[in-house]
J.: 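Before we start, here is the structure in question, set down as structure tokens.
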Amino acid sequence: MPRELSEVLPQAAAALGVHDIADRWLPNSEQVIVVLIDGLGLLNLEQSPVDSPLIEQILAQPAGQTSLPSTTPVALATFGTGLLPGAHG
């Protein structure tokens, strides 16, 4: 099952024990750090190798999916609300 941008913050909250959700992909944790890099894109990461164990670990995972359209305002609203564009407008 592909991971979606709308699931990041609900997954982080569930990992912290704030609430529980089905199909969790983050383990229980006492701390969660969420980093959002606007405009980077998977293609840029794949074409420009970086000497970073964290980036290598991220690239080893199945790619997530952003919102559609994948513009910054729509993606940030999806990220912040946990809703898909049709639900947040």
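None of these values were measured; they are calculated from a predicted model.
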J.: What pair of heavy atoms forms the shortest contact from G82 to P10, and how long is it?
T.: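 That closest heavy-atom pairing would be CA-CG, 4.5 Å.
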
J.: I need the H88 NE2 to S6 OG distance, nearest 0.5 Å.
T.: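 The OG atom of S6 is 8.5 Å from NE2 of H88, to the nearest 0.5 Å.
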
J.: Which atom names give the shortest non-hydrogen contact between N44 and G39, and what distance separates them?
T.: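 So the two residues come closest at ND2-O, 3.8 Å.
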
J.: Transitively linked via ILVMFWY side-chain contacts under 4.5 Å: V18 with V34?
T.: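 Yes; V34 is reachable from V18 via cluster members.
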
J.: Decide yes or no for Q31 and I33: does some side-chain heavy atom of the first lie under 4.5 Å from some side-chain heavy atom of the second?
T.: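 A side-chain contact is absent here, since even the closest heavy-atom pair is not under 4.5 Å.
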
J.: Would you name the heavy atoms of F79 and V8 that are closest together and state the gap between them?
T.: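 Closest approach of F79 to V8: CE1-CG1, 3.6 Å.
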
J.: Quick check: is V32 connected to L9 through a chain of hydrophobic side chains (ILVMFWY, heavy atoms under 4.5 Å apart)?
T.: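 Linked, L9 and V32 end up in one cluster.
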
J.: Following the transitive rule for hydrophobic clusters with a side-chain heavy-atom cut-off under 4.5 Å over Ile, Leu, Val, Met, Phe, Trp and Tyr, establish whether L36 and L84 coincide in one cluster.
T.: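 Hydrophobic grouping puts L36 apart from L84.
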
J.: Looking at every non-hydrogen atom in both residues, tell me the closest pair between A14 and I21 and how far apart they are.
T.: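 Result for this residue pair: CB-CG1, 3.8 Å.
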
J.: Heavy atoms only: give me the nearest A75-L5 pair and the separation to one decimal.
T.: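 It is O-CD2, 3.2 Å.
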
J.: Ignoring hydrogens, what is the shortest heavy-atom contact between E7 and W25? Give both atom names and the distance.
T.: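 Where E7 meets W25 most closely, the heavy atoms are OE1-NE1, 3.2 Å.
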
J.: Heavy-atom distance under 4.5 Å between the side chains of T78 and P85, does that happen here?
T.: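 Answer yes - side chains close enough.
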
